[in-house]
Amino acid sequence: MSILLIILKITGILLLVIFVLAALILFHPVFYRVRGEVQEEISAEGHFWWLFHLIRIGFQKEGGNMRIRIRIFGIPKEFGTQRPNVQEKESAFEEEACRSESEPETAEKPDAKEPDLTVSGEPEYEFQERKPASKRKHKKKREAKDGFKSKFAQIKTELTDSGNHQAISHLWREFCYLISHLKPKRIEAEIVFSTGDPSMTGTVTGALSLFPVIYRYDAHIYPDFASEKFYIKGSLLAKGHVTMFRFFVSMIRLICDRNIKRLLYKFRK
């Protein structure tokens with residue numbers, strides 16, 4: 001009897017742990033914070049964190065440099081691309097030039113191979129072998145392009161088919177549902193712009209004033225009617241959060257829809 005009680009206790013503890021983990025995954029929000037600035041160059045940075053900062057993703061873009069940092073349960077991982085500086089390129093080029101000048105030129109290169117001579121004594125070059133390779137390369141590109149066009153035409157046909165209207169409308173409803181929960185809860189913006197034409201600048205300003213984001217959040221947009229050049233300068237800050245429960249509910253609704261299943265079957269076929 002005591003063994004049965006121990007088994008029941010262990011089972012209850014495991015079920016409680018699984019329930020707590022599932023509740024955290026579904027209902028603990030994913031927070032995000034994105035900041036961007038447009039001056040001479042575009043710079044942006046953002047942070048996403050989940051489960052009490054146990055999972056954290058950040059990115060930073062400044063000029064041609066891009067860095068992505070991922071931290072999962074305290075284990076960091078960083079990716080990035082960096083545009084080489086022009087001065088570094090010039091110094092590397094100068095070093096290669098000095099190195100080539102300091103090395104003596106040899107009359108014969110060890111890696112050079114003499115071309116085979118034909119019976120007439122003229123060198124025989126392999127021009128004929130390059131043409132079929134280039135033709136095969138162009139043929140593969142053309143086949144890939146034709147395949148992409150046919151796939152795109154098939155997708156367009158299925159999306160515009162009247163029989164798939166209910167599935168498309170359901171997908172659109174779920175997309176709007178997710179966007180409504182993904183939208184930022186706080187926005188701060190200071191933007192100055194000019195289209196180069198005063199009348200067009202006024203038209204764009206009037207169109208922007210119709211969007212709720214302008215008067216609902218702390219967003220300020222200043223048109224420049226005096227400038228004769230097109231430019232956009234300013235800064236933007238957006239904060240928000242969303243729970244995985246929203247995505248889970250949307251996915252369940254899509255899976256249970258027969259029209260969505262029929263549309264996916266057509267694509268697979």
Side-chain angles (χ1 to χ4, degrees), residues 12-37 44-61 66-79 152 155-156 158-189 191 208 210-219 221 235-268:
I13 293 173
L14 290 176
L15 291 176
L16 180 61
V17 170
I18 293 173
F19 176 78
V20 172
L21 289 177
L24 284 175
I25 292 173
L26 290 177
F27 297 101
H28 191 277
V30 180
F31 296 91
Y32 66 88
R33 183 176 183 269
V34 180
R35 180 190 298 273
E37 186 174 354
E45 62 178 358
H47 300 279
F48 304 84
W49 61 94
W50 187 38
L51 295 178
F52 309 103
H53 292 267
L54 293 177
I55 299 176
R56 186 179 180 90
I57 300 175
F59 72 91
Q60 184 177 8
K61 183 184 183 305
M66 181 70 179
R67 290 193 304 172
I68 299 175
R69 297 176 181 176
I70 301 175
R71 184 182 294 272
I72 300 176
F73 297 102
I75 302 175
K77 188 68 174 178
E78 186 172 346
F79 308 91
F152 181 76
I155 293 174
K156 184 178 179 181
E158 294 295 339
L159 293 179
T160 55
D161 189 6
S162 59
N164 300 325
H165 178 71
Q166 294 182 355
I168 301 302
S169 61
H170 189 184
L171 286 172
W172 178 252
R173 288 197 305 270
E174 296 298 335
F175 176 76
C176 295
Y177 169 78
L178 294 176
I179 290 296
S180 64
H181 292 283
L182 277 171
K183 65 182 181 180
K185 305 301 185 291
R186 178 185 175 186
I187 295 178
E188 297 178 4
I191 298 175
L208 290 175
L210 298 177
F211 288 93
V213 68
I214 303 300
Y215 51 83
R216 184 180 298 177
Y217 301 101
D218 189 14
I221 299 178
S235 61
L236 175 67
L237 174 65
K239 297 180 181 180
H241 61 271
V242 63
T243 59
M244 300 299 294
F245 178 73
R246 307 292 182 182
F247 294 92
F248 180 75
V249 170
S250 180
M251 183 181 65
I252 293 299
R253 286 198 293 245
L254 291 174
I255 291 175
C256 295
D257 192 349
R258 295 181 179 179
N259 298 315
I260 300 294
K261 293 180 180 179
R262 191 181 301 112
L263 182 61
L264 292 176
Y265 176 75
K266 290 181 179 180
F267 283 125
R268 292 177 181 176

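The residues of the chain are indexed from 1 along the displayed sequence.
- Between the NZ atom in Lys77 and the CD1 atom in Ile68 there is a gap of 12.5 Å [rounded to 0.5 Å].
- Between Leu263 and Ile168, some side-chain heavy-atom pair lies under the 4.5 Å cut-off.
- Annotation: Phe52 is in aromatic contact with His28 [ring centroid separation under 6.0 Å].
- Between His47 atom NE2 and Arg69 atom CZ the span is 8.5 Å, to the nearest 0.5 Å.
- Residues Leu51 and Leu24 meet the side-chain proximity criterion, which asks for heavy atoms closer than 4.5 Å.
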- Task: Could you walk me through whether Phe247 and Leu182 pass the side-chain contact (heavy atoms from CB on, under 4.5 Å) test, one step at a time?
- Result: CA-CA 10 Å; Phe247 294 92; Leu182 277 171; 4.1 Å; yes
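- Atom CZ of Phe245 and atom CZ of Phe27 lie 5.0 Å apart (nearest 0.5 Å).
- Under a 3.5 Å cut-off, the side chain of Tyr217 and the backbone N or O of Pro184 do form a donor-acceptor pair.
- Looking at heavy atoms from C-beta onward, Tyr265 lies out of side-chain contact with Arg262 at the 4.5 angstrom threshold.
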- Given Glu174 and His170, is the side-chain hydrogen bond (donor to acceptor under 3.5 Å, both in side chains) satisfied, shown in steps? CA-CA 6 Å; Glu174 296 298 335; His170 189 184; 3.1 Å; yes
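- For the pair Leu236/Ile187, a side-chain contact is recorded, criterion being any heavy-atom separation below 4.5 Å from C-beta on.
- Using a 4.5 Å heavy-atom cutoff, the side chains of Leu254 and Leu171 are in contact.
- At least one side-chain heavy atom of Tyr177 sits under 4.5 Å from a side-chain heavy atom of Arg253.
- Atoms CZ and CD, from Arg33 and Glu45 in turn, are 7.0 Å apart once rounded to the nearest 0.5 Å.
- Phe31 and Trp49 have parallel rings, their planes meeting at less than 30° on a 0 to 90° scale where 60° marks the start of perpendicular.
- Side-chain contact between Phe59 and Met66: present, with at least one pair of heavy atoms (C-beta onward) separated by less than 4.5 Å.
- Within a 6.0 Å sphere centred on NZ of Lys185, other residues, nucleotides and ligands contribute more than 12 heavy atoms.
- The CD1 atom of Ile13 sits 12.0 Å away from the CD1 atom of Ile18 when rounded to the nearest 0.5 Å.
- For the pair Ser169 (side chain) and His165 (backbone), a donor-acceptor distance under 3.5 Å is present.
- In this structure, CH2 on Trp50 lies 10.0 Å from CG on Leu54, to the nearest 0.5 angstrom.
- Contact of the Phe79 side chain with the Ile70 side chain is registered, since non-hydrogen atoms from C-beta on lie closer than 4.5 Å.
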